[in-house]
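Every chain is numbered from 1 and lettered A, B, ... according to where its sequence line falls, protein lines coming before strand lines.
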Amino acid sequence: MSVISRLQFKGISKVFPAVRALSDVSFSVGAGEIHGLLGENGAGKSTLLRILSGVYRPTAGSVLIDGRPVMLNNPVAARAAGVAMIHQELQQVPRLSVAQNMFLGHPLTRGGIFVARREQERRAAEALAALDPTIDPAAPLGSLKVAQRQIVEIARALLDRARIVAMDEPTSSLTPSEFKRLAEVIARLARDGVAVVYVSHKLDEVFGICQRATIMRDGVVVGSVDLAQVSEKAVVSMMVGRELAQEQHRSHASSEVRLSVRCLASATKVRDVSFDLHRGEVLGIAGLVGSGRTELLRLLAGADRASSGTVEIDGKAVKLSNPRDAIAAGIGLVPEERKREGIVPLRSISNNMALASMGVFAPRGVIDHTRLKRVAAEKMKRVNLRPFLLDRPIRLFSGGNQQKAIIGRWLAAGTRILLFDEPTRGIDVGAKAEIYHLIEELAAEGNSVVVVSSELPEVIRLADRVLVMRDGTVAAELDRADLNEQAIAAHAIPQSETQAGKAQGHRAGA
Amino acid sequence: SADLAPLNSDTEKDRIDWSQLEAKFGAFPKLPDGTKAGAVSKTLTNEYWRSLGEGYKSFGDRVAVPVVYQAAQSEGDQLGQLTIAEGLVTQGYNVLLVSPQTDSNLQPIMEQAKAANVPVVNVNDAVIPQAEHYVGNVQRDNGVRVAKWFIKNRPDGGKVAIVEGQAGVYAAVQRTDGFKTTITEAGKFEVVASVPGNWDRQTSYDAATNILQQHPDLIGFYANNDGMALGIVEAVKAAGLQDKVAVFGTDGISDAYASIRAGELTGTVDSFPVLTGEVALESALRLVAGQKLPRVVATPQALITKDNADRYSGAGDAVRKALLEDAATGN
Amino acid sequence: MTDITEHTAARPRAEFLHRFSVRDAGTLIGLVVILAVFGVLVPGFFAERNLINILQQSSINACLALGMTLVIISGGIDLSVGPTAALSAVISASMLVAGVPFPLAIAAGFAIGLVCGLLNGVLVAYVGLQPFIVTLGTLSTYRALALIYTGGNPVLGLPAGFRAIFNGSLFGLPLAVIIVAVVALIAWIILKKTPFGEYLLAVGGNEEAAYIAGVPIARTKIAAYMISGLLAALAAQILIGRLGAAEPILGNLWELDAIAAAAIGGASLMGGKGSVVGTILGAVILGTMRNGLTLMNVQSFYQLLATGLIILAAMLIDRVTRGRG
Amino acid sequence: MTDITEHTAARPRAEFLHRFSVRDAGTLIGLVVILAVFGVLVPGFFAERNLINILQQSSINACLALGMTLVIISGGIDLSVGPTAALSAVISASMLVAGVPFPLAIAAGFAIGLVCGLLNGVLVAYVGLQPFIVTLGTLSTYRALALIYTGGNPVLGLPAGFRAIFNGSLFGLPLAVIIVAVVALIAWIILKKTPFGEYLLAVGGNEEAAYIAGVPIARTKIAAYMISGLLAALAAQILIGRLGAAEPILGNLWELDAIAAAAIGGASLMGGKGSVVGTILGAVILGTMRNGLTLMNVQSFYQLLATGLIILAAMLIDRVTRGRG
Ligand SMILES: Nc1ncnc2c1ncn2[C@@H]1O[C@H](COP(=O)(O)OP(=O)(O)OP(=O)(O)O)[C@@H](O)[C@H]1O
Ligand SMILES: Nc1ncnc2c1ncn2[C@@H]1O[C@H](COP(=O)(O)OP(=O)(O)OP(=O)(O)O)[C@@H](O)[C@H]1O
Ligand SMILES: [Mg+2]
Ligand SMILES: [Mg+2]
């Protein structure tokens, strides 16, 4: 490690109106170092990286690169200073192609006039090769799945040959195998002397690839640690400021069938899905990206319409032609893409929470705001919203806290069947434990829960039973006793290469 | 022809009064077989232009010439009107009667029609400078006549206000100017307001309300058309000043007559659109027959008040007769 | 500079949004400035009579702008308000002239407004066409229907009894003003206190999220357009009561004034944002301006100039106030 | 039904968006249907002369609509095109009449267009006002300036030489049509081939993402408005060349036609989406309709009705085609 760090934060503070997001943050990252940045939701990780990438200006403090203070007044300046950043929220233009998105703002040109599309696509393909060669650089970005979009976002940061690469939860939508490829890429960057700042809520990832990590809590640095020297448990307690009890799985499932799905199919992907969901049960759904899990949940939530099949609740057939039907039947969906499908950005936490149960809060047509406030306070306390500002527009909250508000939405609506699509994507360990606890509590209260997750430990931790989906249908059903990562993976992976090609057909493009 | 001076329909020397047509050019001539006329006017949303069309039709029926009468979709739709006129040229009508939205928006027609050897008659309102033939009244005179009424009937003078049509439109500019100049020259009158009413009843109502509130001693309004005048009448009534404030419009639409008879609107300047239409088509067809008419054929107008309303609102022939009498007496 | 930094700068006010919003205060300051300028320039501008005039002259635009605000909040726009009003006016009026009892004729007018709004709403919500272009199409269509129905002629001779309904006054205020004030109050309650208001904000703010949360997207949008149609019809009744005649060309360019009022009042044409109080203030700003310019006897070209500049100035003042807020 | 299911249904076509888009094919089908209907109903409709007429009559709207398309793609709207054209026209014309050499007078007209666009752009991009309301304000302002400059009178007597520039024809096509075709080609290249085109799509599609990627947001928006102003000025030159006179009230309601053409052609008023080919087809659809209805001698109220219904129908046809696409 050189004496002069490649990247140094010096006394950075950032004050938003009513919130002090960062106070006096200082730490440094050497060239060739992969540095973890850890902290709970709202700890200020993204804010710090946004300062590094020129999106925000710090209230106080400075950023030094190779020992020299740099002015990072806007994203262009940050780029020029050698900083590349992968943002937590995907920052993309769906109508442009993958390559156009990757080169947005600094396109390759022919003669300085025309965009050199071919050249861009060739370079984009190079950058993508190491991560996911099936992504067609010429395809419109909007046609890609979230995971692929995230890979595009990562590949974009690699184009620049930057001296510093900041990654804000780059793997939130990725599967373990995709992470593995990313890890190789990051290792290569480090070998080339790039300083990497790596934010993730997945501690195993951080322990897997980072040498050191800085831990933040409520906007201040709690400490920087050498990851070889500390245990995961110690890091977690630094993050949350207390010991997290390791909870064990407890089953509350009864034999009473709450939801019964038969031969459900959609026009696009899901085919012939049948299963039962019991009262008090947590049903996990695992599978590869594109296996149709999200689509299945959307069918059950009434967000998309099934082309055939039946759904019964408590023995009675229900028609789910739109989300309202589903909500009336007691089904609620915590969606995968929070920003697009979850929140109404300009509205407050309370209003976002109450959206699905307006009828409850307005029994006589007029909203009972006192009651709404009370319920909001109660539910948000239960999900541990931070900062606890119920009237603040939800867009100003960290992703994890937005997710909590969405979960609160279904708590307030008295939903009996909750569908979670990647419930802890982008959510910190503390909050994750809270959410796990919440899911179990809900089950214990007699609710039924479906959890779709790409994180196998999460599925194993939560589920009483697991369905493994492959290619739009249920490939296997595993009881708690048979649950392990190998078993799930074995069923999730397509049988032969040809089928693999088909399952990922939409990725391949041409 | 290229050396034709730009037309000013109000002052052009080469003119004839409509009443003289028969005397100077003889009875209506025989037309080539299959003669048909095409006409395009500003808009049909104003009764004035519909009446003009009736005039075309009635004269067309009389001499067995089919007339196609079209109008733009709204007042101010300049290119739409040009499209219509171009369509008429290509469809092979023997003569075109056009009432352009603006002085220039139908300019290309003049050349196309010339190439197709089709005479074009500019009927009223906006004046195409290159027009070889114009049939219509003197726009300025509308305002002059109202001003003269005030000078004669309100010898003590006083405050008057003008509510104008759309800013920049030829007829509005001319009428306003005629009124303003004449009444100001008389000395005793003060034009305290001259504000836009945009040809719109509601806007004029609001404007009149504001003017009356500021000048409760106002003695009269002149509006550039009857729709606006009728809006002003309501504002005057709402202010309880109907006995003190005289309101004049322009055009002579049927509602204006009704209001005049009811004692609400003081008067309007009728420019007799039906008769204008008849005269215009007659002149146009005389051109088709090869007669050489003066460049401008002037059509009549008259200040209508309660006293003479009946005289000018009978059946077509009665009005024609009354107007011929007026022409003879030089009124 | 860009919207990003703008957002950062604009954040403080977020805390207050649910009280009397800083945004509304900005609009109010705009109004006060304009009032002050005219007060200085025009003698008698602050006469009670003139202030009442301003309110009365703003009332029709305010009525339309309230409906427009709801539509804009839902992420749409309604360009067809003028022709809707015209159609409603000529049908009510011809019924009145034919001797149909007032309540029936008025109800028919309202029904027309609702149907016009329904059609707009269905095309937007169910067929999925763009609001701007749908209402651009119905703008022509409704106007044409009104013209065809009347042959282009105004309908005259409305019964005095009918006119009295909308021409009276109460507590010294014109009834039209009171009616619109009541409408504004209802709109405020709808927006702030009812699920429907919440749905409007959600649909305009993030349609997809609203959908997943069970908000009846289509019904919410349709309701917004129907309210807009209904208020256009109400404006039409007030106007024909005042003028004593219903013209098929009534309501020309009303949409622009209504949109201007809503926008000056803080509605975002991107949807999800708008304020009843702001819209009313916006309408009064525009009304004040017209009134003041007329009283100053500004020549028509310069009135047009002033209209343009004041719209820009109102937005600028508001922008600056917010920046400080 | 709702937009949500629309999105789901629309996914497959996403792959083709960057080739000849299915959306444009939809517009083309709309045009073909309309042509076929008129072809059957109107004898001589397909005469070469008439087809050329249609193109010529569409050319001015197409010219404006191209600029409008770029502005709409950037997430804005430009209501001030008509008055911008008027201002440019009267200034060029008065210089021509005063004997200024053609190139200089034309350049002055273009400069006016650019300045008008610049002002719109600055108010939108730097001051952060809403495009609709900014250009509503400048709509009045520019019109007023044109009226004041000319005192409301037309500028007559343009030199024949100047008129010849825009009135000639080449390969049997009117020069105006050829000029607009060239402009369309340039616009297509800008949108499809240059960084600026990408920036427009990005700024309108996701402004925050564009900002973070280093796209010069403000400059991109301003450039879009300036192009729109420039094309309005070009339309003005073509028109005064044709008319031989420039009037301050020229360009009334042009903005609505231009927006309609862009929207029929597939531009989304939410930004981020629009097509040069589609816009040209949209302008030709509108031009064809006018031409055909006139030749059928449809009465103006029914023409208005047809205009409204055809706008709606074009959008519906397009909607259905896309549904299948
Ligand atoms: N633009 C903003 N305006 C006001 N407050 C903000 C803004 N951006 C972030 N904050 C606040 O700053 C704090 C830090 O947020 P930040 O997004 O940096 O957290 P994080 O550590 O990245 O969380 P997560 O793990 O959920 O992504 C939070 O309390 C958040 O609400
Ligand atoms: N935006 C889209 N464009 C095209 N096809 C899509 C899109 N979204 C979903 N699909 C189709 O639906 C299939 C199933 O997707 P789904 O989201 O249900 O998978 P998933 O198992 O939930 O994966 P993930 O974990 O990434 O959410 C995809 O493989 C794809 O064929
Ligand atoms: Mg973060
Ligand atoms: Mg999924």
(request) Heavy-atom pairs under 4.5 Å with chain A are the metric here; pick the option from C:Ala210, C:Pro216, C:Gly204 that has the most. (result)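 Heavy-atom pairs under 4.5 Å are most numerous for C:Pro216.
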Validation row: [X], [Y] side chains within 4.5 angstrom (heavy atoms):
| X | Y | value |
| --- | --- | --- |
| A:Phe361 | A:Asp368 | no |
| A:Leu411 | A:Val383 | yes |
| C:Asp78 | C:Glu255 | no |

(message) So does A:Leu355 get a backbone contact from the side chain of C:Glu198, meaning a donor-acceptor N/O pair under 3.5 Å?
(response)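 A pair under 3.5 Å: no.
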(request) Determine yes or no for a side-chain-to-main-chain donor-acceptor pair under 3.5 angstrom, with C:Thr69 supplying the side chain and C:Ala65 the backbone. (result)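 Confirmed, C:Thr69 side chain pairs with C:Ala65 backbone.
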(request) Using a heavy-atom cutoff of under 4.5 Å, enumerate the residues of residues 263-271 of chain C that contact chain A, numbered in order, or state 'none'. (result)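 So far as heavy atoms go, nothing in residues 263-271 of chain C approaches chain A to under 4.5 Å.
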(message) If I compare all heavy atoms of A:Gly292 with all of A:Val270, which pair ends up nearest, and what's the gap?
(response)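 Heavy-atom minimum between the residues: O-CG2, 3.8 Å.
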(message) What I want to check is whether the side chains of A:Asp421 and A:Thr294 have a donor and an acceptor closer together than 3.5 Å.
(response)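 Yes, A:Thr294 and A:Asp421 have a side-chain donor paired with an acceptor closer than 3.5 Å.
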(message) Quick check on A:Ile327 against chain C: is it the side chain, the backbone, both or neither that has a heavy atom closer than 4.5 Å?
(response)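 Contact with chain C involves the side chain of A:Ile327 alone.
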